[in-house]
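Take a look at the structure set out below.
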Protein chains: 2
Amino acid sequence: MNNTKQHFPQHGVTVDAVVLGYNGEALQIVLVKRAIEPYKGAWALPGGFVLANESLEDAVKRELQEEAGLAELYLEQLYTFGDVGRDPRGRIISCAYYGLVRPGSHPVMSGSDASQARWFDVSALPTLAFDHARVVRVALERLRAKISYAPVGFELLPERFTLSHLQRLYEAILDRPLDKRNFRKRFLGLGILKELDERETGVAHRAAQFYQFDVKRYRQLAATGFGMKLV
Amino acid sequence: MNNTKQHFPQHGVTVDAVVLGYNGEALQIVLVKRAIEPYKGAWALPGGFVLANESLEDAVKRELQEEAGLAELYLEQLYTFGDVGRDPRGRIISCAYYGLVRPGSHPVMSGSDASQARWFDVSALPTLAFDHARVVRVALERLRAKISYAPVGFELLPERFTLSHLQRLYEAILDRPLDKRNFRKRFLGLGILKELDERETGVAHRAAQFYQFDVKRYRQLAATGFGMKLV
DNA sequence: TCAAAAGTGTTAACCATACACCCATGC
DNA sequence: GCATGGGTGTATGGTTAACACTTTTGA
């Protein structure tokens, strides 16, 4: 920390992360049970104070590692909440991020100042500490808005997935059914899916084709300014 | 300020505002010439430290009033810049806002810690202090993205305007020509323009019809979740 | 009467939507 | 052989995009 005397007002600054995942059925969020006051025992978003020598993004990555064992995830800044009185400890400003993780990378275990960390279905969240319910709401709105023009959905799926997996994910996020034929037409037409030499096995129905998100192709298309209307 | 000892790391937090205006020809930004170090004499975005008892939005409104005499403008949070080393005074986090003002409400005069404030065409900005050039870039991207699905353009025009004014504004922001007939069809079809009983006077060509943005009607439409594809 | 910008419709291409049946597989 | 989900095409209506001339006004 910086110990020199500063000549300007200073405030506590936290980062908080809405980490979203998808288990094949429902959208989920990582919450941690607070081990210390305030809101001791309540569920909250993972996060904590920004230290003197780290950027906001470094801070949120460190907290996610410490509190939930999460690393290497898609992260994006969401909004900064700075109302006076949003934290009982004093004037604390929170810069919120949202993150997306693939099912594989889910250790989600406890850390230093949080006694537990676990996934909750977004449709069944407990009461949250601070103004975190509001933060979650903003994050879900943002994801819903973003998914229809940017391929962020792939950050929630395993490397290999079927078109039905992708469609079910979109339906879970948008909370409405989508037409199968139109959905397939659109995604295959976009040219950002790479067909793999693999199909499902051991399923009691016709085995589905596996695909992979073609990042390189997507970047080419995005660079030429194509309008990615996904749904 | 809060004088009690705090048990968590603290940082300076500033707000900075990209205030955009439109003079009928070009998009413009308010800049202030810094009267104090660091970057004394350089042009910078209006802004300053957040005090202990004000929200971020209160802080940015206060700074805009003090430094540029601006009040009552459309304001929206843009992004929070928190890299270590972005400010030579130490670890300072900046929450940036962008604002839109109508030509009428342009006092833009000097205040306490800024010796001058004035408008610059966005296409001819001087070298800016801190990382403010980056902040401006982010703000312009945001405005360009936003204008195509939300009627923020009206915040940059006088109460009464012609369809040609509106079109020229869109062309200035998007930096490309738009088709006159299609532009008119779309905006008139949207039903968010109120035709006034006034026309231009003293112009050396057919006098244009004046319109007004119909906020009430817009809110009705927005509430029923209509997709406002504007351009 | 000229210059300058306002105002006005139609057509063709494209895109979004709605919709139903056969196929492959495991049990 | 049946239950389960995978995979496929077409027709229709709506939306977007391209395009040029007449009108009004002041100088």
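In what follows, chains are A, B, ... by sequence order, proteins preceding strands, each numbered from 1.
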message: Taking the six-membered ring of Phe183(A) as reference, does the cationic atom of Arg181(A) (NZ for Lys, CZ for Arg) lie under 6.0 Å from its centre and within 45° of its axis?
response: no
N or O in side chain of Ser164(B) less than 4.0 angstrom from dA6(C) OP1/OP2: yes
message: With the threshold set at under 4.0 Å for non-hydrogen atoms, list the residues of residues 178-195 of chain B touching DNA chain D in residue-number order.
response: Asp179(B), Arg181(B), Asn182(B), Lys185(B), Arg186(B)
message: In this structure, how many angstroms lie between the C1' atom of dG5(D) and the CD atom of Glu25(A), rounded?
response: 15 Å
At a cut-off of 3.5 Å, list every protein nitrogen or oxygen paired with a nitrogen or oxygen from nucleotides 25-27 of chain D, distance to 0.1 Å.
unit_1, atom_1, unit_2, atom_2, d
dT25(D), O2, Ala204(B), O, 3.1
dT25(D), O2, His205(B), N, 3.3

The single option from Tyr170(A), Tyr211(A), Phe161(A) passing ring pair (Phe, Tyr, Trp, His ring centres under 6.0 Å) against Phe187(A): Tyr170(A)
- request: Enter the distance from Leu193(A):CG to Phe154(A):CZ here, rounded to the nearest 0.5 Å.
  value: 5.0 Å
- line: From CZ of Arg168(B) across to P of dA4(C) the rounded distance in Å is 14 Å
message: Tell me whether the NZ or CZ atom of Arg34(A) lies within the 45° cone about the ring axis of Tyr39(A) and under 6.0 Å from its centre.
response: no
- prompt: Is the NZ or CZ atom of Arg118(B) both under 6.0 Å from the centre of the six-membered ring of Phe120(B) and within 45° of that ring's axis?
  reply: yes
message: If you apply the rule ring-ring contact (aromatic ring centres under 6.0 Å, His included), what do you find for Phe81(B) with Phe130(B), and how did you get there?
response: CA-CA 11 Å; Phe81(B) 298 86; Phe130(B) 305 104; over 10 Å; no
- prompt: Say you draw a straight line from CG of Leu78(A) to CG of Asp16(A); how long is it, rounded to the nearest 0.5 Å?
  reply: 10.5 Å
- request: Take the protein atom NE2 of His165(A) and the nucleotide atom P of dG7(D), then report the distance between them rounded to whole Å.
  value: 10 Å
- request: Could you pull out all residues at least two apart from Arg199(B) that satisfy side-chain contact (heavy atoms from CB on, under 4.5 Å)?
  value: Ala207(B), Gln209(B)
message: Please report the distance, rounded to the nearest Å, between CD in Gln209(A) and C1' in dG7(D).
response: 11 Å
